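For reference, the structure is listed below as structure tokens.
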Amino acid sequence: MATSEPRGPESEEGSNDSPTPVAASPEQYIKHPLQNRWALWYFKNDKSKSWTENLRLISKFDTVEDFWALYNHIQKPSKLGYGCDYCLFKDGIKPMWEDDRNKLGGRWLMTLSKQQRHNDLDCYWMETLLCLIGESFDEASEDVCGAVVNVRPKGDKISIWTGNCQNRDAIMTIGQQYKERLNLPVKNILGYQSHDDTSSKSGSTTKNMYSV
Ligand code: MGP
């Protein structure tokens, strides 16, 4: 004899095994915001154009996810041609001495040997980017304007630009923490030079205002 048990609504729908929808947690769909919005610039050395014309904005980002999407999409510095640069600057600051927020400032400069292009350049640059977007220098991070990598036949350079070369404490904090972060040997001296001195230099070197 057939039973006459009533059938539940799920049986009516014909399925009992589809998962109950669970609301996604915000962690799963909200990107992780950075403290600042950043702009990545690219400089291509075209001798027929002025220095400023050769500088191009690639893209801006203000989340961790958008940073990695951009970072993974573009060439590493070691793959760039000679004379090219990348610059990562806080949104609103142009990567040039003349910008109001750079003109009283200067840079911590790291000069690499030719061999370091293959061994160190890309990882030093990535670590520099992470120091910037992660605001790694405590309150001194406020003084950071941006960072630049120059790919040059004579040896590549990476620098961190800060806004005021008279802010000794902030500059020293940045220099010391940067050197530790890159795990540079103590004997490897980093120098800080004002943009004023760099832009008006006559010889091949600029005097250091500070060193770590
Ligand atoms: P560079 O690209 O910073 O270093 O400056 P590079 O090529 O290693 O040369 P070196 O002089 O340090 O040995 C090269 C040239 O680009 C400078 O001499 C300027 O003519 C020009 N230049 C560089 N920067 C960062 C600026 C800038 O901020 N503003 C202007 N107007 N010109 C710049």
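We number each residue from 1, following the sequence as shown. Remember, it's a predicted structure, so these values are computed and weren't measured experimentally. All ligand and atom numbering here is 1-based and tracks the order in the structure.
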Practice task
Examine the side chains of Asp156 and Gln116 and answer whether a donor and an acceptor come within less than 3.5 Å of each other.
Solution key: no
Exercise for the section: Could you list the atoms of ligand 1 found under 4.0 angstrom from a heavy atom of Lys157? Expected result: 4 (O), 6 (P), 8 (O), 12 (O)
Problem - atom 22 (N) of ligand 1 touched by protein heavy atom at under 4.0 Å - result: yes
Practice task
Report the part of Glu98 (side chain from C-beta onward, or backbone N, CA, C, O) that has a heavy atom under 4.0 Å from ligand 1; answer both or neither where that applies.
Solution key: side chain
Handout entry: Protein non-hydrogen atom below 4.0 angstrom of atom 8 (O) of ligand 1 present
Key = yes
Practice task
Report yes if some N/O of Arg107 lies less than 3.5 Å from some N/O of ligand 1; otherwise report no.
Solution key: no
Exercise for the section: Return the residue, atom name and 0.1 Å-rounded distance of the protein heavy atom closest to atom 3 (O) of ligand 1. Expected result: Asn150 ND2, 4.4 Å
Exercise for the section: Look at the side-chain heavy atoms of Ile, Leu, Val, Met, Phe, Trp and Tyr, link any pair under 4.5 Å apart, and say whether Val144 and Leu40 land in one connected group. Expected result: yes
Practice task
For ligand 1, indicate whether the residue Trp97 contacts it via side chain, backbone, both or neither (heavy-atom separation under 4.0 Å).
Solution key: both
Problem - Exercise check, heavy-atom protein proximity under 4.0 Å to atom 15 (C) of ligand 1 - result: no
Exercise for the section: Run the salt-bridge test on Lys94 and Asp100 with the 4.0 Å N-O cut-off and return the result as yes or no. Expected result: no
Practice task
Would you please determine whether His195 falls within less than 4.0 Å of ligand 1 on a heavy-atom basis?
Solution key: no
Exercise for the section: Classify the contact between Arg152 and ligand 1 as side chain, backbone, both or neither, using a heavy-atom distance cut-off of under 4.0 Å. Expected result: side chain
Exercise for the section: Decide yes or no for Val212 and Trp108: does some side-chain heavy atom of the first lie under 4.5 Å from some side-chain heavy atom of the second? Expected result: yes
Practice task
Verify, without hydrogens or angle tests, whether Asn36 (side chain) and Trp38 (backbone) share a donor-acceptor contact under 3.5 angstrom.
Solution key: no
Problem - Heavy-atom nearest neighbour of atom 26 (C) of ligand 1 within options Trp51, Tyr82, Phe43, Trp161 - result: Trp51
Exercise for the section: May I ask you to check whether Asp138 and Gln177 show a side-chain donor-acceptor distance below 3.5 Å? Expected result: yes
Practice task
State, without any angle test, whether Ser136 and Tyr178 hold a side-chain donor-acceptor pair at a distance under 3.5 Å.
Solution key: no
Handout entry: Closest protein heavy atom (residue, atom, distance) for atom 13 (O) of ligand 1
Key = Lys154 NZ, 2.5 Å
Practice task
Around atom 11 (O) of ligand 1, find the nearest protein heavy atom and jot down its residue, atom name and distance.
Solution key: Lys201 NZ, 3.4 Å
Handout entry: Among Asn45, Thr111, Asp85, side chain to side chain donor-acceptor pair (under 3.5 Å) partner for Arg152
Key = Asp85
Exercise for the section: Would you kindly say whether Thr206 and Asp197 are connected by a side-chain donor-acceptor distance under 3.5 Å? Expected result: no
